[in-house]
There are 2 protein chains.
Amino acid sequence: MSPSNSTSTDRRTYHHGDLRRAVLSAALDVIAAEGPGALSLRDLARRAGVSHAAPAHHFKDRTGLLTAIAAEGFGLLADALREAPGLREAGVRYVRFAREHPAHFQVMFSPELLRAEDLELTTARALAGDALTQAVTTVDPGERGPDARLAGMAAWSLAHGYATLLLGHNLDHQLGKEDPEDTFRALTAMLFHSAAD
Amino acid sequence: MSPSNSTSTDRRTYHHGDLRRAVLSAALDVIAAEGPGALSLRDLARRAGVSHAAPAHHFKDRTGLLTAIAAEGFGLLADALREAPGLREAGVRYVRFAREHPAHFQVMFSPELLRAEDLELTTARALAGDALTQAVTTVDPGERGPDARLAGMAAWSLAHGYATLLLGHNLDHQLGKEDPEDTFRALTAMLFHSAAD
DNA sequence: CGAAAGAACTTGTCAATGACTAGATTCCGC
DNA sequence: GCGGAATCTAGTCATTGACAAGTTCTTTCG
């Protein structure tokens with residue numbers, strides 16, 4: 001439909017074609033490389049080849065853009081966690097999600113950057129929360145112990161901490177050339193030292 | 001020595017007296033309340049009752065201020081972890097540190113905000129790392145399993161994830177009115193289900 | 001004691017940014 | 001093909017970080 005490439009900077013048409021996606025995509029690149037603090041709406045506009053105020057039409061403001069990213073992230077996480085074959089594998093997928101979508105992950109857990117009451121955000125987050133809870137409650141009660149709530153917090157804390165430290169390059173030294181996912185499996189095997197899945 | 005209060009906004013003397021501490025302190029308040037992104041050197045200067053360029057004399061720039069905060073944080077963490085009576089208690093202290101110094105904690109693990117090569121930062125971080133390693137290696141090998149490196153990553157991930165989720169208010173719902181530290185103890189008791197300390 | 005050296009702070013300036021407003025262009029339903 | 005809505009442009013303002021140059025206080029040392 002539009003002759004313009006969604007991320008190219010030259011454009012003959014008045015309408016971009018898919019500016020929303022182009023801005024989101026550029027934002028994810030910037031965040032992954034330099035963090036959310038380096039985000040500049042005007043810079044994103046330049047990358048997309050549009051005027052400095054164009055992004056605001058799609059996201060309202062900087063907070064709106066970040067909120068959209070977080071909501072998208074929770075949706076992706078819910079998809080990744082859905083129908084995980086066991087708690088262990090859910091943890092692995094949580095870590096994999098963080099590695100594949102580092103920008104989303106970072107923004108999702110930076111509440112001070114987000115519009116907390118945003119409907120898309122809260123519903124997406126609730127979905128992801130359900131998927132997590134599902135992964136905990138469906139596991140064999142004999143394996144996870146009597147308290148599902150405690151087990152859920154433990155699993156989430158472990159996966160979240162590992163993912164966070166990984167993204168912050170705090171485990172580089174101890175991991176060496178190992179595959180982070182394999183190491184995470186080994187780690188959970190050690191903790192739940194008779195884990196079935 | 002100086003008649004001026006270190007955080008008051010009115011000041012008769014040309015010299016503030018302890019501007020460095022005043023700026024650091026105000027910065028910690030802002031970060032704890034609104035995150036590092038809300039930090040403004042000019043705002044901190046206003047709070048301290050000095051001119052807009054005064055803070056730069058002590059910290060060079062925004063990154064310098066955040067780097068100083070991170071370095072201080074790693075120092076405080078090393079102190080908190082030093083001589084912890086066992087791995088479990090070290091974890092509890094890690095979580096306690098995050099709750100008592102949320103701004104430090106947040107900045108310490110945001111590498112994109114810091115001057116990575118800063119000497120004070122790297123040495124302080126190394127000290128804290130030593131304290132953590134110490135806590136892992138001194139624990140009874142029969143309790144932690146054969147692989148100290150894996151055990152260390154597991155313990156750090158668990159404590160770090162729990163602390164992070166706690167600060168992001170992601171555990172509020174499941175914790176209710178419980179004491180977060182007690183819950184963390186219960187959580188570790190469940191995982192290392194015969195933990196001695 | 002006093003002067004030089006340096007630390008602590010001020011004032012002025014510039015480019016960049018977020019947010020807002022008003023207006024131009026294109027798209028779409030009828 | 002017409003009218004309203006969506007998309008994008010252009011202009012503006014207050015705020016900020018960074019830097020340069022000057023002022024005031026403190027300390028050192030001859």
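Letters A, B, ... mirror the listed sequences (proteins, then strands); counts begin at 1. All values below come from the heavy atoms of this structure, side chains included, with hydrogens, waters and symmetry mates left out.
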Checklist entry - By a strict heavy-atom criterion of less than 4.0 Å, which residues belonging to residues 30-44 of chain B are in contact with DNA chain D? => result B:L39, B:S40, B:L41, B:R42

Checklist entry - Within this structure, what is the NZ-to-C1' distance between B:K60 and C:dA8, rounded to whole angstrom? => result 17 Å

Next on the checklist: Taking any heavy-atom pair under 4.0 Å as a contact, classify B:H58: base, sugar-phosphate, or nothing.
Outcome noted: sugar-phosphate

Item to check | Partner residues of B:D182 under the side chain to side chain donor-acceptor pair (under 3.5 Å) criterion, sequence neighbours left out | outcome: none

Checklist entry - Do any side-chain nitrogens or oxygens of B:R46 fall under 4.0 Å of OP1 or OP2 in D:dT16? => result yes

Checklist outcome for this item: salt bridge (Lys or Arg N to Asp or Glu O under 4.0 Å) filter on B:R93, not counting sequence neighbours, yields none

Next on the checklist: Let's see if you can work this out: which of C:dT10, C:dA19, D:dT9 has an atom nearest to the side-chain heavy atoms of A:D61?
Outcome noted: C:dA19

Checklist entry - Under the salt bridge (Lys or Arg N to Asp or Glu O under 4.0 Å) test, which residues partner A:E178, sequence neighbours left out? => result B:R149

Between the protein and nucleotides 4-6 of chain C, which nitrogen or oxygen pairs are less than 3.5 angstrom apart?
none

Checklist entry - Counting only heavy atoms not in B:E181, do more than 12 fall under 6.0 Å of its CD? => result yes

Checklist entry - Which pairs, with at least one residue in residues 65-75 of chain B and sequence neighbours excluded, count as a salt bridge (Lys or Arg N to Asp or Glu O under 4.0 Å)? => result B:R21-B:E72

Checklist outcome for this item: Rounded to whole Å, the CZ-C1' distance (B:F59 to C:dA8) equals 13 Å

Next on the checklist: My understanding is that only residues two or more places apart in sequence, or in another chain, count here; which of them pass side chain to side chain donor-acceptor pair (under 3.5 Å) with A:R185?
Outcome noted: A:E89

Checklist outcome for this item: Sorted by chain and residue number, the ring-ring contact (aromatic ring centres under 6.0 Å, His included) partners of A:H101 (sequence neighbours excluded) come out as A:F97, A:H104

Checklist outcome for this item: A:R62 atom CZ is separated from C:dA19 atom P, nearest whole Å, by 8 Å

Next on the checklist: My understanding is that only residues two or more places apart in sequence, or in another chain, count here; which of them pass salt bridge (Lys or Arg N to Asp or Glu O under 4.0 Å) with B:R82?
Outcome noted: B:D79

Checklist entry - Near A:E120 CD, under 6.0 Å, is it more than 12 heavy atoms from other residues, nucleotides or ligands? => result no

Next on the checklist: From CZ of B:R47 over to P of D:dT16, roughly how many Å is that when rounded to an integer?
Outcome noted: 11 Å

Item to check | Partners meeting salt bridge (Lys or Arg N to Asp or Glu O under 4.0 Å) with A:R125 (sequence neighbours left out) | outcome: none

Next on the checklist: Taking the minimum atom-to-atom distance to the side chain of B:H52, which one of C:dC9, D:dC19, C:dA19 wins?
Outcome noted: D:dC19

Checklist entry - How would you list all residue pairs meeting salt bridge (Lys or Arg N to Asp or Glu O under 4.0 Å) that involve residues 26-44 of chain B, not counting sequence neighbours? => result B:D43-B:R47

Checklist entry - From D:dC19, D:dA10, D:dC8, pick the nucleotide closest to the side chain of B:A53? => result D:dC19

Checklist outcome for this item: Axis-to-axis angle across the helix from C:dC1-D:dG30 to C:dC30-D:dG1, five pairs each end, nearest 10 degrees, ~ 20°

Checklist entry - Looking at B:H57, does any N or O in its side chain come under 4.0 Å of the phosphate oxygens OP1/OP2 on C:dT10? => result no

